[in-house]
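A quick write-up on the structure given underneath.
Values below: all heavy atoms of this structure, side chains included; hydrogens, waters and symmetry mates excluded. Every chain is numbered from 1, with letters handed out A, B, ... down the list of sequences.
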Number of protein chains: 2
Amino acid sequence: MMRSRHSDALRAAQMYYLQDLTMDAIARELRTSRSTVSRLLSAARDTGLVQIQIRNPLDTGPELESMIRREYNVDVHVVPVLESLNEAETLDRVALQAARTIGPLVDSNAIIGVAWGSTLSAVSRHLTRKITHDTVVVQLNGAGNMHTTGITYASDIMRRFGSAYGARVEQFPVPAFFDHAATKAAMWNERSVQRILDLQARMSIAIFGVGSVEADYPSHVYAGGYLDENDLRMLAHSDVVGDVATVFFRRDGSSDGIVLNERSTGPALAQLRQVRRRICVVSGASKINGLRGALTAGLATDLILDEATARRLVGFGGVNPANG
Amino acid sequence: MMRSRHSDALRAAQMYYLQDLTMDAIARELRTSRSTVSRLLSAARDTGLVQIQIRNPLDTGPELESMIRREYNVDVHVVPVLESLNEAETLDRVALQAARTIGPLVDSNAIIGVAWGSTLSAVSRHLTRKITHDTVVVQLNGAGNMHTTGITYASDIMRRFGSAYGARVEQFPVPAFFDHAATKAAMWNERSVQRILDLQARMSIAIFGVGSVEADYPSHVYAGGYLDENDLRMLAHSDVVGDVATVFFRRDGSSDGIVLNERSTGPALAQLRQVRRRICVVSGASKINGLRGALTAGLATDLILDEATARRLVGFGGVNPANG
DNA sequence: ATCCATTCTGCACGTTTGTGCATAGAGCTT
DNA sequence: AAGCTCTATGCACAAACGTGCAGAATGGAT
C-alpha cells in the first residue's frame with residue numbers, strides 16, 4: 001500500500017523517540033526488518049519529521065554565553081569546536097550546527113531573507129529538510145560583480161534553502177554594488193525589483209554572516225572583484241570594520257555617511273533591524289571586528305559562532321586584536 | 001571544576017545531536033571516557049536539555065489523524081500501539097508518549113492546570129524534567145470523597161508535574177463534589193479558594209483525561225465513592241456520557257441543567273474552553289462515548305490517544321458502540 | 001588525619017544500530 | 001509478457017552504544 005513510506009516513518013519515529021522502543025521491537029510491529037526501521041528513522045530525521053533542539057536554560061549556561069548575551073542582548077549559540085581544527089573544519093561544524101539550529105525556527109508562511117558568502121554557502125549545504133507551506137526564500141542582496149553575474153553562486157545557496165523547506169525562491173538579479181547610485185535609484189523604481197524589496201520588507205527571518213575588513217582571509221566582498229581600489233580606499237577612510245549583506249558599518253555600529261552603501265544592494269541596517277528574527281552565523285576569530293560592529297549595530301537577534309571567536313568576543317582567551 | 005556536569009552535558013548534546021559526532025569523538029574532546037559521554041547525553045535528555053519533537057506535517061499525516069482533525073478541529077497525536085497489548089500496557093505507552101509530547105509545550109511562566117485520574121497518574125510518572133522558571137502547576141478539581149481527603153493521590157500527580165518542570169504546586173484541597181451547592185458557593189468566596197480559582201482562570205495549559213460513564217472499567221469518579229446512588233441515577237436521567245475534571249456533559253457536548261455540576265469543583269466547561277492549550281489524553285477504546293462528548297464540547301485543542309480508540313472515534317475498525 | 005558514605009569514572013561485555021552488497025520487487029517501455 | 005531501470009529490502013558484518021561492576025575521587029563528619 002502507498003501509506004507505507006512516510007506514514008511508517010512517522011510511526012517509527014514516534015515509537016523510537018517518544019516511546020523508547022528499540023528498532024527491533026519497532027520492526028516487529030511494522031512487520032519489516034530492523035534495517036528498514038533504521039532507514040525509516042534516518043529518513044524521518046532528514047525530512048524534518050523529527051526535530052531535535054538543544055535548549056540551554058538561559059541563566060545556567062556557561063559563563064561565556066551569558067556574558068555575550070548580556071553585553072549584546074542577543075541569543076547566543078556557541079558551537080563547541082576543538083581549537084586545533086583548521087578554519088575549514090571549524091566552518092563546517094559551525095555551519096552544520098547552524099543549519100540544525102535554524103531548522104526548528106522555520107515555519108509555514110515564513111519569509112526568509114538569505115545573504116550569500118562562504119558562511120552561508122556552508123550553512124546551505126547542511127540544511128535538513130522540513131516540510132512547510134507558502135514559505136518564501138528571498139535573496140538579501142545582489143551578487144553580481146565586474147566579472148560575473150554571480151547568479152550561479154548565490155542561487156546555489158538560495159536553491160538549497162528553498163528545497164530544504166519546500167519554499168519558493170526569489171532571487172535578486174542585480175550586482176552587489178551599482179557603479180552609480182543613480183542607477184540603483186532607477187532600478188529601485190522598477191516593479192520587478194520592488195517585488196523583491198517588498199518581500200524583504202516583510203521578512204520574518206533573516207540569515208547572514210558578517211564580512212570583516214581585517215579578516216585573515218578576507219570575505220568575498222573585499223577580495224572578489226566587487227570593489228575597485230577607489231572603493232577600498234574610501235572604506236579605509238570611513239573607519240569601516242565590516243559588512244552584513246554588503247552594507248557596511250563602523251566599529252560603533254553606525255553607517256551614516258558611508259557613501260558605498262548608497263550603491264549597495266543590501267537592505268539598510270535600519271530595515272534589517274525591523275526583522276523579527278535575525279540570525280547571524282560566524283566562524284573564524286578573524287572576523288571579530290566585523291562581528292563586534294554588527295552586534296553593536298544591533299543587527300542580530302540570534303548569534304551562532306564557534307567557541308574561539310566567542311572567547312575573543314568577550315576579550316579572554318587568545319590575543320586581543322589590535323584595533324584603531 | 002564545577003562547570004563540568006551541566007555544561008559538559010550541554011556541549012556533549014550539541015556535538016552529538018547537532019554535529020553528528022560519535023560519542024567516542026566527543027569523549028576525546030571532553031577528555032573523558034565514552035561511557036561518561038553516554039551518561040552525559042542521557043542526563044541531557046532527562047533534564048530536558050535535549051528536546052525531541054515529532055511534528056507530522058498536518059496534511060500528509062495518515063488518514064486517521066486528518067479525519068479526526070477535520071471532524072473535531074483538534075490537533076491529534078495517535079499513539080501507535082499494537083492491538084494485542086492489554087489496557088495497562090496501552091495506557092503506559094500512551095502516557096509515555098503524552099509526557100514526551102507535553103514537555104516541549106511547557107515553558108517558563110506557564111500556568112498548568114492538571115486534573116487527576118488514572119490517566120493523569122500514568123502521564124505524571126513519565127514526565128521528563130525540563131528547567132523552567134515561575135511556572136505554576138494548579139490542581140483543576142478537588143479530589144476528596146466520602147472516605148478520604150484524596151490529597152495523597154491527587155497530590156502525588158501534582159508533585160510529579162511540579163518537580164518535572166521545577167514549578168510551584170498549588171493544590172486544591174476540597175472534595176471532588178460538595179454535598180450541597182450552597183457549601184460550594186460559600187467556599188468559592190473564601191480567599192484561599194479564590195487564589196486557586198484565579199490561577200485556574202489564568203491557565204495557559206490544561207491537561208486532563210476524560211471519564212466515560214460506560215467505560216469497561218469505569219473511571220474513578222463513577223466507582224470510587226465520589227457519588228452516591230442518588231447521584232448516579234440523576235446522571236443516568238440527564239443523558240450524561242462523561243466528564244472532564246468531574247464536570248459532566250452530554251453526548252452533544254452540552255452541560256446545562258446537569259445539577260451535579262453545581263456541586264462539582266472542576267472548572268466550568270466554558271471556562272475550560274478559554275484556555276489556550278487544552279490537552280486531552282485518552283487511552284482505552286471504552287472511553288469512546290465520553291471522548292466524543294468532550295470533543296463535541298470543544299474542550300480540547302490537543303488530543304493524544306491510542307490507535308484503537310482513534311479508529312473507533314472515526315467509526316471504523318472495531319464494533320461501533322451502541323448508544324442511546 | 002582518618003573514616004565513612006556518596007558520587008563519579010572507566011572497563012568489559014552484551015546489545016543495539018548503521019551500512020555495503022546482493023537480491024527482490026515495482027514501475028515503465030516495447 | 002519480456003526486458004529494463006530504479007528503488008526498497010534483508011542479510012551480515014562492523015561500528016557505536018548502554019550498563020553492571022569495581023575501583024577512584026569527593027566531600028563531610030569525627
Task: Among C:dG18, D:dC21, C:dT17, the nucleotide that comes nearest once only the side chain of A:R45 is considered - done: C:dG18
TODO: Tell me which nucleotide among D:dA12, C:dG10, C:dC13 gets nearest to the side chain of B:R34.
DONE: C:dC13
Task: A:S35 side chain near D:dG10 phosphate (N/O to OP1/OP2, under 4.0 Å) - done: no
- [ ] Ignoring backbone atoms, test whether B:Y16 places a side-chain nitrogen or oxygen under 4.0 Å from the OP1 or OP2 oxygen of D:dA16.
- [x] no
Is the shortest side-chain N to carboxylate O distance from [X] to [Y] below 4.0 Å?
| X | Y | answer |
| --- | --- | --- |
| B:E29 | B:R31 | no |
| B:R311 | B:E307 | yes |
| B:D20 | A:R100 | yes |

Tell me: [atom1] of [X] to [atom2] of [N], nearest whole Å?
| X | N | atom1 | atom2 | answer |
| --- | --- | --- | --- | --- |
| A:Y17 | C:dT16 | OH | C1' | 13 Å |
| B:L41 | C:dT9 | CG | C1' | 16 Å |
| B:R31 | C:dT9 | CZ | C1' | 17 Å |
| A:L40 | C:dT19 | CG | P | 14 Å |
| A:L21 | C:dT17 | CG | P | 10 Å |
| A:R39 | D:dG10 | CZ | C1' | 8 Å |
| A:D8 | D:dA8 | CG | C1' | 13 Å |
| A:D24 | D:dG10 | CG | P | 13 Å |

Which pairs of donor and acceptor atoms, one on a side chain in residues 160-167 of chain A, lie under 3.5 Å apart (sequence neighbours left out)?
residue: A:R160; atom: NH1; partner: A:S124; partner atom: OG; Å: 2.8
residue: A:S163; atom: OG; partner: A:R159; partner atom: O; Å: 3.4

Open item on the list: Once you apply a heavy-atom cut-off of 4.0 Å, does A:S38 come out as touching a base, just sugar-phosphate, or nothing?
Closed with: base
Open item on the list: So A:S42, base contact, sugar-phosphate only, or nothing? Heavy-atom distance under 4.0 Å.
Closed with: nothing
- [ ] Locate the shortest heavy-atom distance separating B:D306 from B:G284; write the atom from each residue and the value.
- [x] OD1-N, 3.0 Å
